[in-house]
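Numbers for residues simply follow the sequence, beginning at 1. It should be emphasised that the depicted structure is a prediction, and the values quoted were computed from it without experimental measurement.
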Amino acid sequence: TEIYTLSLHDALPICYVLPYSGCSNSANASVWFSPLQRVTITGSYSFLEAKNDRIMLLSNLIADPAPLVSGNYRTSAHVYGIDVAYAVADPLDVSLALQQVRSKSRFDLGARSFTLAGVAGAFDTSGISDLSRLDSTETGISARADWRITALIGCSLEYGYRQYNSGNTVIDGSVHTTMVNLKARW
């Protein structure tokens with residue numbers, strides 16, 4: 001008895017990507033106000049979207065007289081943010097920012113059945129859309145202090161925490177960052 005394990009790479013050996021069409025759209029809005037002297041609050045929203053339609057040539061192992069298949073890739077993101085800044089003194093500002101990004105991506109490949117050269121049985125492209133689907137939420141908070149030492153020299157300290165959640169334990173997790181910057185103008 002011979003057992004043949006078919007991987008996604010074996011089933012869809014994409015050798016050539018033919019010309020494609022694509023477009024992207026975005027919309028941004030923000031509002032800010034100052035409820036107290038030296039305090040500014042900003043709220044923002046952004047929508048980002050990209051679409052790519054393409055035709056792919058499936059060859060190599062596929063024994064099919066018409067190896068063209070069409071597919072499209074769609075991705076979108078909603079970005080929400082709130083930022084609070086406080087001017088502690090003339091040379092010192094502190095801020096706190098909250099941000100959340102909710103994104104979706106999909107690769108839809110047209111339904112297609114095919115056979116592989118030298119392998120018994122038929123295969124199809126069903127399930128590829130589900131395998132490539134990614135819905136994620138990234139939530140972050142950061143705190144920053146900016147100190148203008150002189151008119152030409154300044155420094156900043158920033159701490160950030162980001163949590164990534166897609167439902168996939170392999171890529172989910174969190175990141176802590178700390179940055180110190182020294183700025184000089186001449």
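One distance of note links CD of Glu158 with OG of Ser95; it measures 7.0 Å at 0.5 Å rounding. We find the CD-CD distance between Gln163 and Glu138 to be 9.5 Å, quoted to the nearest 0.5 Å. Between the CZ atom in Arg102 and the CG atom in Asp135 there is a gap of 11.5 Å [rounded to 0.5 Å]. Atom OG1 of residue Thr75 and atom NZ of residue Lys104 lie 11.0 Å apart, to the nearest 0.5 angstrom.
Residue pairs meeting the side-chain hydrogen bond (donor to acceptor under 3.5 Å, both in side chains) criterion with at least one member in residues 76-94, sequence neighbours excluded, are Tyr45-His78, Asp93-Arg148.
Through direct or relayed side-chain contacts under 4.5 Å between Ile, Leu, Val, Met, Phe, Trp and Tyr, Val170 connects to Leu134, Tyr164, Ile171. Residues Leu96, Ile141, Tyr159, Tyr161 make up the rest of the hydrophobic cluster containing Leu98, defined by ILVMFWY side-chain heavy atoms closer than 4.5 Å, directly or through other members.
When all heavy atoms are compared, the tightest approach of Leu182 to Cys155 is CD1-CB, 4.2 Å. In terms of heavy-atom proximity, Val94 sits nearest to Ala145 at CG1-CB, 4.1 Å.
Here the side chain of Arg38 pairs a donor or acceptor atom with the backbone of Val88 at under 3.5 angstrom. For the pair Asn28 (side chain) and Ser30 (backbone), a donor-acceptor distance under 3.5 Å is absent. Judged purely by atom type and a 3.5 angstrom limit, Arg106 has no side-chain atom pairing as donor or acceptor with the backbone of Arg74.
Take Asn25 and apply the side-chain hydrogen bond (donor to acceptor under 3.5 Å, both in side chains) test, not counting sequence neighbours, and it matches Glu49. Judged as a salt bridge (charged side-chain N to carboxylate O under 4.0 Å, His left out), and not counting sequence neighbours, the contacts of Arg133 are Asp130. Residues satisfying the side chain to side chain contact (heavy atoms under 4.5 Å, CB included) criterion with Trp32, sequence neighbours excluded, are Thr40, Thr42.
In the hydrophobic clustering of this structure, Ile149 groups with Leu92; members are Ile, Leu, Val, Met, Phe, Trp, Tyr whose side-chain heavy atoms approach within less than 4.5 Å, directly or through other members. Under the 4.5 Å side-chain heavy-atom criterion for Ile, Leu, Val, Met, Phe, Trp and Tyr, Leu36 and Ile41 are members of the same hydrophobic cluster. Trp147 is not connected to Val180 by any chain of hydrophobic side-chain contacts under 4.5 Å among Ile, Leu, Val, Met, Phe, Trp and Tyr, and they are in different clusters.
At a threshold of 4.5 Å between non-hydrogen side-chain atoms, the residues Ser156 and Arg144 count as touching. Contact check for Thr139 versus Asn165: no side-chain heavy atoms found under the 4.5 Å cut-off. At a threshold of 4.5 Å between non-hydrogen side-chain atoms, the residues Thr137 and Gln100 count as touching. Within the 4.5 Å cutoff, no side-chain heavy atoms of Asn181 are placed close to those of Leu157.
Checking Ser103, Ser46, Ser26 one by one against Val79, the side-chain contact (heavy atoms from CB on, under 4.5 Å) holds for a single residue, Ser46.
With salt bridges taken as basic N to acidic carboxylate O contacts below 4.0 Å, one links Asp146 and Lys183.
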